[in-house]
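Keep in mind that what you see is a predicted model, and the values were worked out from it rather than measured. So that the names make sense, note that chain A is the first sequence line, chain B the second, and so on, each numbered from 1.
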Amino acid sequence: MPMSNAQIAQVFYRIAELLQIKGENPYRIRAYEKAALVIESLTEPIEKIYREGRLTEIPGIGQSIAEKISELIETGKLSYLEELEASIPAGVVELLKVPEVGPKTAWLVYKELGIKSIEELEEAARAGKLRNLPGMGPKSEENILKGIERLKRFSERVPLGIALPFARQVVEWLKERAPIDKIEPAGSLRRWKETIGDIDILVTSTEPMQVMDAFVSLPIVREVLAKGETKTSVVTEMGIQMDVRVVEPDCFGAALQYFTGSKDHNIHLRRIAQDMGLKISEYGVFRGDEKIAGVTEEEVYNSLGLPFIPPELREDRGEIEAAAEGKLPHLIELKDLKGDLHVHTKHSDGNFTIEEMALAAKQLGYEYIGIADHTKGLGVAAGQDEQEILQQKEEIERLNEKMEGITILAGVEVNIRMDGTLDIDEEVLDQLDFVIASVHSAFKQPKEVMTERICQAMEREVVDIIGHPTGRLIGKRDAYEVDTEILLDTAVRTKTILEINAFPDRLDLPDTLCRAGKGKGLKFAINTDAHSIDQLNLIEYGVATARRGWLEKEDVVNCLPLEELLKVFRRK
DNA sequence: GCCGTTTTCGGCCCGACTGTTTTCAGTCG
């Protein structure tokens, strides 16, 4: 079994953790973390890169790590990691998971008290044994207990679809309760990352303490972790940590840039600044004592000789290099979309009529809307059979004659059965404007079977789009076991469009596969999979995922005007 | 451990907050 990029990345993350405990040179630790991150975000299998002898061409991978990758690929294990594991008692690394506990504390409690697990740490803290350790006191003991409590209750990252509306609500509340000039969520939320570790909100105000007071007294605050003039951290009722930072107005751009991250993007920028003899912080870009930028983000990037880089790209996955070469993509925007091609109605498990969905789409400024209800194989969703599908098509034709300003497309979301066949006759599918095919059953098939199953569906000429191609539900269900390389290649060869499902639970295709697919010349459709009028608005999540995948409007078929789109559907 | 049209050695992003401290270490992002 070849090792996946993710598995190899995990090995280096593990090494970094172990080295932390050992108190190793922080930069050496950083190097392993950086290598793990870069491997994780590769768009091709690292094994292939290894076979072609290109490992050290990857930025952040040098001689030493390349050798370790070779060993992992060839033998499936790594002697260096085994030695490290042997030199540190199992369980001590686990302590790092506790907020407030870092490598120093973990090592201290192990050495002094022999603590090797979170349970033992909790016991010792409750027994008051920690307060007498050097550098610690009653407060730190209490904080460790609180940290353990927090870890037990909420260690998981929160899906973007929950964090974003929540953050927007808090922004509204703060505006009502304190004198605020500018306010903007930053962090991974602003980069539209699919899950959020904590929420950062950036504020400019002449009365920082009033903002902080208003913040900590919001009813959603469960616990205040820290409160100062410029930074306040709380844990909210739903368990997610939220930080508010207040800065001077003339720092807003620099602070927004800084707090948006990612960490790796910022470190890379700072290196560039350093090379130019500049210093960059959340307060601005400085040459000596002179501040040369900071009011806007654009100014910050420009001062480094770079164009503005959209937040969705800031993961240090080559965007800084692309910016320096003037090769940033012109990312797709919400306004580029001319329609949504995957919505459900009362004809299956949707909550509104075709007409109601169409009117709502018109309100959003769309030129067309694609109805794609479930088919009979999906009993739980009241899927339609052949006859019902044709009746629905007639209803759509009648509506199109009556309605103005929007065209309804008759489509379907047909099931890909276990054996790769479709659960609706192809003669019927042929009569529709377009066909989405999706997997809704037998998720646990072995990788080869699932890959073959989806590829077989793509080979059918009637199939235009594959719906939510990996099947993942973020935080709930992993993607099906599927060979994404074969999936993407088959989609390119058969000219099948892959969906970017905008449902925040799905965001499927994921951003990294969007980017890999674009590299192969693939086309995409950004769809909401809406079951109600309200859910049509989820499209912004799909656009964000496409942007994180470096997509431009030319890559996305529902940016085409109706006539062009229909040609694409007929091309197979 | 990585990296280099200033460098193959000597750097490596930068600051806030807290707690236990008499000036700073640890943690976090």
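- Between the C1' atoms of dT5(B) and dC13(B), the separation comes to 24 Å (whole Å).
- Residue Lys227(A) is classed as a sugar-phosphate contact, given heavy-atom separations below 4.0 Å to backbone atoms only.
- Only the C1' atoms considered, dT20(B) is 14 Å distant from dT27(B), to the nearest whole Å.
- Between the side chains of Ser87(A) and Lys22(A), a donor-acceptor pair is found at a separation under 3.5 Å.
- Aromatic ring pairs are classed by plane angle as parallel below 30°, tilted from 30° to 60° and perpendicular above 60°; the pair Tyr301(A) and Phe308(A) is perpendicular.
- In this structure, Leu19(A) places its CG atom 8 Å from P of dG1(B), rounding to the nearest Å.
- Glu299(A) places a side-chain N or O within 3.5 Å of a backbone atom of Gly294(A) that can act as its donor or acceptor partner.
- Put simply, CG on Asp316(A) is 13 Å from C1' on dC13(B), counting in whole angstrom units.
- Note on Pro103(A): only backbone sugar-phosphate atoms sit closer than 4.0 angstrom, heavy atoms only; bases stay farther off.
- Rounded to whole Å, the C1' atom of dT21(B) lies 23 Å from the corresponding atom of dC14(B).
- Contact annotation: Lys279(A) reaches the phosphate of dG15(B) (side-chain N/O to OP1 or OP2, under 4.0 Å).
- The stretch residues 246-270 of chain A comes close to DNA chain B through Tyr258(A), Lys263(A), Ile267(A), Arg270(A), each having a heavy atom under 4.0 Å from the strand.
- We find that CD of Glu57(A) is positioned 15 Å from P of dC2(B), with the value rounded to whole Å.
- With hydrogens and angles ignored, a donor-acceptor pair closer than 3.5 Å exists between the side chain of Asn25(A) and the base of dG1(B).
- Separating the C1' atom of dT18(B) from that of dG11(B) is a span of 30 Å, rounded to the nearest Å.
- In summary, the side chains of Glu40(A) and Tyr13(A) do present a donor paired with an acceptor at a separation below 3.5 Å, with no hydrogens or angles considered.
- Nucleotides dC12(B) and dC17(B), compared at atom C1', are 25 Å apart to the nearest Å.
- Of the nucleotides present, none pairs with dT8(B) by Watson-Crick or G-U wobble criteria with both distances under 3.5 Å.
- Among dT27(B), dG29(B), dC2(B), the nucleotide with an atom closest to any side-chain atom of Arg245(A) is dG29(B).
- Relative to the side chain of Pro99(A), the nucleotides dC28(B), dG1(B), dG29(B) differ in distance, and dC28(B) lies closest.
- Rounded to an integer number of Å, the gap from CZ of Arg150(A) to C1' of dC28(B) is 11 Å.
- For dC2(B) and dT6(B), the P atoms lie 23 Å apart once the distance is rounded to whole Å.
- Among dC13(B), dA16(B), dT27(B), the nucleotide with an atom closest to any side-chain atom of Glu282(A) is dA16(B).
- At the phosphate of dG1(B), neither OP1 nor OP2 sits under 4.0 Å from any side-chain N or O atom of Tyr27(A).
- Proximity of residues 127-145 of chain A to DNA chain B (heavy atom under 4.0 angstrom from any strand atom) is restricted to Gly135(A), Met136(A), Gly137(A), Pro138(A), Lys139(A), Ser140(A), Asn143(A).
- One interatomic measurement links the two molecules: CZ of Arg271(A) to P of dT7(B), which rounds to 18 Å at whole-angstrom precision.
- Between the Gln20(A) side chain and the Pro103(A) main chain, no donor and acceptor come within less than 3.5 Å of each other.
- By the 4.0 Å N-to-carboxylate-O rule, Glu17(A) lies close enough to Arg14(A) to be salt-bridged with it.
- A salt bridge does not link Lys146(A) with Glu149(A): none of the charged nitrogens is closer than 4.0 Å to a carboxylate oxygen.
- Rounded to an integer number of Å, the gap from CD of Gln274(A) to P of dG4(B) is 14 Å.
- Between Gln63(A) and dC2(B) there is no side-chain polar atom (N or O) within less than 4.0 angstrom of OP1 or OP2.
- Remark: the backbone N or O of Leu473(A) is not paired with any side-chain donor or acceptor of Asp505(A) at under 3.5 angstrom.
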Requested in this report: Report the C-alpha distance between Thr545(A) and Asp511(A) in whole Å, list the side-chain angles of each, state the deciding distance to 0.1 Å, and finish with yes or no for side chain to side chain donor-acceptor pair (under 3.5 Å).
Outcome: CA-CA 5 Å; Thr545(A) 301; Asp511(A) 51 16; over 6 Å; no

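- Proximity of a side-chain donor or acceptor of Asp508(A) to a complementary backbone N or O of Asn501(A) within less than 3.5 Å is not detected.
- Straight-line distance from the CD1 atom of Ile148(A) to the C1' atom of dT27(B): 16 Å, rounded to whole Å.
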(Q) For a side chain to side chain contact (heavy atoms under 4.5 Å, CB included) check, start with the C-alpha distance between Phe166(A) and Thr236(A), then their side-chain angles and the critical distance, and finish with the verdict. (A) CA-CA 10 Å; Phe166(A) 184 53; Thr236(A) 64; 3.9 Å; yes

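- The residue among Val101(A) and Ala31(A) whose nearest nucleotide of DNA chain B is located toward the 5' end is Ala31(A).
- Contacts of Ile280(A) with the nucleic acid, taken as non-hydrogen atoms under 4.0 Å apart, involve only primed sugar atoms and P, OP1 or OP2.
- In this entry the distance linking NZ of Lys97(A) with C1' of dC28(B) reads 19 Å, nearest Å.
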Check: residues 195-206 of chain A side-chain donor-acceptor pairs under 3.5 Å, at least two apart:
residue   : atom : partner   : partner atom : Å
Thr195(A) : OG1  : Arg157(A) : NE           : 2.8
Thr204(A) : OG1  : Asp181(A) : OD2          : 3.3
Thr204(A) : OG1  : Lys182(A) : N            : 2.9
Ser205(A) : OG   : Pro179(A) : O            : 2.6
Ser205(A) : OG   : Glu207(A) : N            : 3.0

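- The side chain of Ser281(A) has dC14(B) as its nearest neighbour among dG1(B), dT27(B), dC14(B).
- The side chain of Thr105(A) places an N or O atom within less than 4.0 Å of a non-bridging phosphate oxygen (OP1 or OP2) of dT27(B).
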